[in-house]
Amino acid sequence: MPVEPPPPLEGKQRRIGVMTSGGDAPGMNGAVRAVVRMALAKGCEPYAIYEGYEGLVQGGDMIRAMKWEDVRGWLSEGGTLIGTARCAAFRERPGRLQAAKNMILKGIDALVICGGDGSLTGADLFRSEWPSLMDELVEKKELTEAQVKPFRHLNIVGLVGSIDNDLAGTDATIGAYTSLGVICEAIDKLDSTATSHQRAFVIEVMGRHCGWLALMAGVASGADFVFIPEKPPGENWEEEMSKIVTKHRDEGKRKTMVIVAEGAHDSNLKPITPTIVKDLLANKLKLDTRITTLGHVQRGGEACAYDRMLATQQGAEAVNAVLEATPETESPVICIVENKICRRPLMEAVRQTQSVAEAIKVKDFEKAMGLRDHEFAEYYNAYQTTTSAKLPHTLAPENKRLRVGIIHVGAPAGGMNAASRAAVAYCLARGHTPVALMNGFPGLCRHHADGAVHEINWLEAEGWVSKGGSEIGTNRGLPADEACGLEGVAKIFDQYKIQALFVVGGFEAFTAVSQIRKARDYYAALRIPMAVLPATVSNNVPGTEYSLGSDTCLNALIQYCDVMRQSASASRRRVFVVETQGGASGYIATIAGVSIGALAVYTPEKGINLKMLSHDIDFLRQSFAKDKGNSGGGKIILRNEKASETYSTELIADIIREEGKGRFESRHGVPGHFQQGGKPSPMDRMRATRFGFRTMQHLESFAGKSQEEISNDPMSAAVIGIVGAKVKFSPMAKVEAEDTDWKNRRPKNEFWLGLEDLINTLSGRPKPE
Ligand code: ADP
């Protein structure tokens, strides 16, 4: 009996197939979860297509309807639970014809594909052929015209899941940061043994056409040399590398790390293998050298916070794109640019990606670099400068060299040290003098005469990139506090000839620069260029949507929540109420909520009231009743530390337990300082390096200007940050006046506020009436 395709769903609703294809990547499960739940929330029917295109070609039971509960707990699972495969049949038209027929037999008229550029190329081809595939199905009497008619328009949306981060048009692919995290963790471990034995390590990382993992691992670990396919070293690369390694050893560095991307080659496309590099280091430089090939561990396992967040937001956006599509809409791929989720034409992104490989093939490396995102080249330049130490050709003219004070303010945050390391490296490369101002403003004021002000040399800062805490010390005290006083600060700046100020920290750092800026009228020594590089786990600095340390914090927090949740999998139905940091900003609670799939988040912005609690307890009752013994390892409510003065974390847990009446129970957890994380995450290290550089370039642009010119220029006191799709400097005066909620110590308009709706939609939490 031939199977009759079901009629399309009513109205705009669709049957949406979701598939993972190509190489598996961490975060793919989170993307599938988001597509499935978002689709259900919008009245659509989601279908999982198992084993990539293979499932589409085989059809039948390989395409299965998905229910809400089917994706429970998927955010924290590595790999892809619906499988992936390389499918030769789909590369041929008959395979695609069969795939099209199978889709119609299930009534599926939209497809969300999470995969790499190969999978997306296949998707693009499938969509472009779709009308002719329909004709062929009718011609060959596989289906009738009437059966095909409702499916004439196929909707395809791409999600980029790939550890290589090789797709053009998006800053990050789902999985890349997790993979980078694994690489950095491995390098950090090799680092200690290398230092102990004064060894050299050559580390091979994945990336046949794309050097993203290798380059970013180099930036984030402070490697001595990096080989990437897009930018091969010059003809004399052996000499070039030897020179840099020798220089670093001469400066006193006890270890050598060289990173080689799988696809590395010289400018004549001759492969540069780890063995070639090792032989050179061992034979020419006489270093005790080992090779480490990281291999499949780089596939990552459990996704990091960023990938979970990215996968969730993009999966949800893919469903929106399906629902908004018209027959004329080009197939989109969901991308992210800095902090903004956006759609790009799929075909264009795929073409551009392929042209990188083509440019490499014909040795047009400039074009290859140009085709990567601008950020890539920026990281490359930053990397070159941090590792090159003093190179005469990079020096600024003598009359434009500055003494730059580097100071940390507020609580430690991951990436603070990496930012200062970048500033030091930049200063040394340009002939400026980096000066450490130890232990914040109180430290500076009390101890400037006994060592709190000192010039930093390359070796001192070299190892800072991977260090947590604050190597030059930090303090919450402000310049205007009694311990210091602005007059005192001005005197010290004058005495030590501080000509520019590089401030790393959170809301206090922002306040400190604001105080100094306002005191410029009274003290000439304060008429110097100043910039804040935001670093705080709370991510509450006005003028930016991202601050260093927030990513490290999110990773620590999801690790904590995963362990908590797992502990409940063997016990009774349990709700965890976890208290997050964040001061008066609910950022951390909300983003962690997206990343772990929290049941609800309680933020200071919204507060907590009895009605809300009662509503959520009703929801818990219903959802535990539906679970039928499958607790799925416990549910989590995230409560920001300042969400309410009355309803403490413990009290909420007690109320839930009382109301659960034995049907479910509750525990509370306060990870506290654990949230500052150990070693900073790769993202915090990378961005610290990039923003550190940019900030120094900004400060340097004032070199040679008069005090008057400086204080008259609003940009001479600025904060660097990510604002939407851009990295930019904003003048402090404007940000202070227009964007700052001084009472609550947070920005006035917090960009992430809308994400709470996403958490609620994906957890199924009903809207309070
Ligand atoms: P990735 O998506 O990770 O780049 P692949 O390149 O292996 O991985 O592609 C995954 C699958 O996508 C292939 O096995 C094939 O089924 C399909 N595919 C890739 N390229 C094409 C193409 N040019 N035409 C049709 N299908 C393709």
Side-chain angles (χ1 to χ4, degrees), residues 17-29 31-32 49-59 62-63 78-80 82-103 111-130 132-133 136 154 156-170 172-176 178-179 205-213 229 261-263 296 298-300 303 307 311 314 318 331 333-335 346-358 360-361:
V18 56
M19 171 206 295
T20 53
S21 172
D24 66 312
M28 280 182 158
N29 292 319
V32 174
I49 293 155
Y50 283 76
E51 315 301 339
Y53 289 117
E54 191 60 40
L56 211 54
V57 174
Q58 288 189 20
M62 300 283 268
I63 305 176
T80 164
I82 58 173
T84 178
R86 300 247 141 78
C87 171
F90 195 78
R91 289 180 180 272
E92 311 298 329
R93 188 168 163 102
R96 296 192 288 276
L97 189 73
Q98 189 57 42
K101 182 178 172 186
N102 289 333
M103 277 177 63
L111 204 52
V112 177
I113 293 145
C114 182
D117 69 322
S119 306
L120 299 182
T121 307
D124 187 45
L125 180 65
F126 194 41
R127 153 126 180 190
S128 66
E129 279 184 353
W130 188 261
S132 71
L133 291 171
E136 197 175 333
L154 170 68
I156 284 209
V157 179
L159 288 173
V160 205
S162 156
I163 61 161
D164 288 345
N165 203 7
D166 54 353
L167 200 96
T170 187
T173 57
I174 297 168
T178 305
S179 181
V205 306
M206 284 185 171
R208 265 168 301 156
H209 303 295
C210 182
W212 190 86
L213 283 174
E262 234 178 344
H296 279 76
Q298 294 167 83
R299 292 244 161 245
D307 279 334
Q314 294 195 335
S331 303
V333 56
I334 313 295
C335 297
L346 174 67
M347 212 157 56
E348 204 179 292
V350 166
R351 290 243 168 85
Q352 197 179 330
T353 306
Q354 289 165 345
S355 47
V356 177
E358 282 155 21
I360 293 174
K361 223 190 262 169

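In this chain, residues are counted from 1 in sequence order. When a ligand or atom number is given, it counts from 1 through the structure's own listing order.
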(request) State the atoms of ligand 1, each with its element, that fall below the 4.0 Å cut-off from a heavy-atom position in R86. (result) 3 (O), 5 (P), 7 (O), 8 (O), 14 (O)
(request) For atom 16 (O) of ligand 1, find the nearest protein heavy atom and state the residue, atom name and distance (0.1 Å precision). (result) C87 O, 2.7 Å
(message) Tell me the contacting part of F90 for ligand 1: side chain, backbone, both, or neither, using a 4.0 Å heavy-atom threshold, strictly below.
(response) both
(request) Begin from the C-alpha positions of D24 and T80 and carry the test side chain to side chain donor-acceptor pair (under 3.5 Å) through to its verdict. (result) CA-CA 6 Å; D24 66 312; T80 164; over 6 Å; no
(message) How close do A261 and G207 get, counting heavy atoms only, and between which atoms?
(response) CB-O, 3.9 Å
(message) Between V112 and M19, does the side chain to side chain contact (heavy atoms under 4.5 Å, CB included) criterion hold? Intermediate values first, please.
(response) CA-CA 6 Å; V112 177; M19 171 206 295; over 6 Å; no
(request) Considering non-hydrogen atoms only, spot the tightest contact between I174 and A31 and give its length. (result) CD1-CB, 4.4 Å
(message) Below the 3.5 angstrom mark, is there an N/O of R96, backbone or side chain, next to an N/O of ligand 1?
(response) no
(message) Give me the nearest non-hydrogen protein atom to atom 11 (C) of ligand 1 as residue plus atom name, then the distance to 0.1 Å.
(response) S21 OG, 3.9 Å
(message) Looking at E54 and R86, is there a salt bridge between them, counting it only when a charged N and a carboxylate O are closer than 4.0 Å?
(response) no
(request) Identify the two heavy atoms, one from V160 and one from I334, that lie closest to each other, and give their separation to 0.1 Å. (result) CG2-O, 4.1 Å
(request) Find all atoms of ligand 1 within a distance of less than 4.0 Å from any non-hydrogen atom belonging to T121, and give their numbers and elements. (result) 23 (N)
(message) Considering non-hydrogen atoms of the protein only, which is the closest contact for atom 27 (C) of ligand 1, and what is the distance?
(response) G122 CA, 3.7 Å
(message) Ignoring hydrogens, what is the shortest heavy-atom contact between L167 and L120? Give both atom names and the distance.
(response) CD1-CD1, 4.2 Å
(message) Among all the protein's non-hydrogen atoms, which is closest to atom 20 (N) of ligand 1, and how far away is it?
(response) G118 O, 3.2 Å
(message) If you measure every N or O of G116 against every N or O of ligand 1, does any of those distances drop under 3.5 Å?
(response) yes
(request) Please work out whether the ring planes of Y53 and F90 are parallel, tilted or perpendicular, with thresholds of 30° and 60°. (result) parallel
(request) Please work out whether any backbone atom (N, CA, C, O) or any side-chain heavy atom from C-beta onward of D117 is under 4.0 Å from ligand 1, and answer side chain, backbone, both or neither. (result) both
(message) Can you name the atoms of ligand 1, numbered from 1 with element, that are less than 4.0 Å from a heavy atom of G22?
(response) 1 (P), 2 (O), 3 (O), 8 (O), 10 (C)
(request) Taking only heavy atoms of Y53 into account, list the atoms of ligand 1 that are under 4.0 Å away from them. (result) 12 (O), 16 (O), 17 (C)
(request) Return the residue, atom name and 0.1 Å-rounded distance of the protein heavy atom closest to atom 3 (O) of ligand 1. (result) G23 N, 3.1 Å
(message) I'd like to know if S162 contacts ligand 1, where contact means a heavy-atom distance under 4.0 Å to any ligand atom.
(response) no
(request) Evaluate the side chain to side chain donor-acceptor pair (under 3.5 Å) criterion for residues S132 and R93: first the C-alpha distance (whole Å), next the side-chain angles of each, then the deciding distance (0.1 Å), finally the verdict. (result) CA-CA 11 Å; S132 71; R93 188 168 163 102; 3.1 Å; yes
(request) May I ask you to identify the nearest protein heavy atom to atom 10 (C) of ligand 1, giving residue, atom name and distance to one decimal place in Å? (result) S119 OG, 3.4 Å
(message) Starting from atom 21 (C) of ligand 1, what is the nearest protein heavy atom, named by residue and atom, and what distance separates them?
(response) R91 NH1, 3.7 Å
(request) Any chance you could lay out the side chain to side chain contact (heavy atoms under 4.5 Å, CB included) test for D164 and L213, step after step, and finish with the verdict? (result) CA-CA 6 Å; D164 288 345; L213 283 174; 4.3 Å; yes
(message) Just so I know, are the side chains of H209 and P229 near enough to count as touching, which here means a heavy-atom distance under 4.5 Å?
(response) no
(message) Give the atom numbers and elements of ligand 1 that come within less than 4.0 Å of a heavy atom of L125.
(response) 24 (N), 25 (C)
